[in-house]
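Notes for the one structure printed next.
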Amino acid sequence: MATNNSDFFDQVFQVVRLIPKGRVTTYGAIANYLGAKSSSRVVGYAMNAAHSQKDYVPAHRVVNRNGQLTGKHHFNTPFIMQEMLEKEKINVENDTILNFKNHFWDPFIELKL
DNA sequence: GTAATGACCTTGG
DNA sequence: ACCAAGGCCATTA
């Protein structure tokens with residue numbers, strides 16, 4: 001361990017960066033992909049540190065199981081997240097992604113673990 | 001060092 | 001079907 005306890009965090013960042021444009025995923029999916037489905041909270045916490053990361057992390061493409069933009073308030077502005085998603089051709093209304101299942105990006109299927 | 005919180009999810013009543 | 005509580009891991013006070 002080279003003084004890098006971001007092991008789990010780095011994993012999350014890697015997966016999030018791999019999310020293609022116009023697609024979204026959930027914390028549980030990432031956690032489950034990493035083998036820690038019970039630790040979905042840590043995934044969300046990792047996103048909190050995403051801003052501290054050197055590389056940009058599309059945290060706006062990560063939402064909860066309900067497809068709700070729970071972490072929009074953690075961005076620079078609470079509107080940036082929805083704006084970004086709309087730019088990705090993703091319809092967002094009432095802080096919730098429409099056709100969420102249609103835009104859902106599953107690492108298990110896409111990354112074929 | 002202990003206690004409480006958090007961008008969540010699952011299960012029980 | 002709806003409401004409530006627990007669990008998991010890490011960070012911060």
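A note on names: the letters A, B, ... follow the listed sequences, proteins ahead of strands, and every chain is numbered from 1.
- Within the 4.0 angstrom heavy-atom criterion, base atoms lie near A59(A).
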- Query: Going through the distances and angles, do V63(A) and M81(A) end up as a side-chain contact (heavy atoms from CB on, under 4.5 Å)?
  - Reply: CA-CA 10 Å; V63(A) 293; M81(A) 189 171 185; 4.1 Å; yes

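- V62(A) pairs in a side chain to side chain contact (heavy atoms under 4.5 Å, CB included) with only one of the listed residues (V15(A), I30(A), V57(A)), which is I30(A).
- Between the CD atom of E86(A) and the CD atom of E93(A) there is a distance of 9.5 Å, given to the nearest 0.5 Å.
- What separates CD1 of I30(A) from C1' of dC9(C) is a distance of 15 Å, to the nearest Å.
- Whole-Å rounding puts the F8(A) CZ to dC8(C) C1' distance at 10 Å.
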- Base, backbone or nothing for each nucleotide of nucleotides 8-13 of chain B, written B, S, -, heavy atoms under 4.0 angstrom, 5' to 3'? BS----

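- Counting non-hydrogen atoms under 4.0 angstrom, H60(A) reaches nothing in the nucleic acid.
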Pairs under 3.5 angstrom only: tabulate donor-acceptor contacts from the side chains of residues 66-75 of chain A to other protein residues two or more places apart or in another chain.
| residue | atom | partner | partner atom | Å |
| --- | --- | --- | --- | --- |
| K72(A) | NZ | D95(A) | OD1 | 3.1 |
| K72(A) | NZ | D95(A) | OD2 | 2.9 |

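- DNA chain B lies under 4.0 Å from at least one heavy atom of each of the following residues of residues 72-102 of chain A: H74(A), F75(A).
- Counting only residues at least two apart or on different chains, no salt bridge (charged side-chain N to carboxylate O under 4.0 Å, His left out) pair has a member in residues 21-46 of chain A.
- Identified under the salt bridge (charged side-chain N to carboxylate O under 4.0 Å, His left out) test for residues 57-70 of chain A, with sequence neighbours left out: R61(A)-E88(A).
- Comparing the P positions of dA7(B) and dC3(C) gives a spacing of 23 Å, expressed to the nearest Å.
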- Item | Criterion side-chain contact (heavy atoms from CB on, under 4.5 Å) on Y27(A) and V42(A), from CA distance to verdict | CA-CA 9 Å; Y27(A) 306 97; V42(A) 187; over 6 Å; no

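- A29(A) pairs by the side chain to side chain contact (heavy atoms under 4.5 Å, CB included) definition with T25(A), T26(A), F104(A), P107(A), not counting sequence neighbours.
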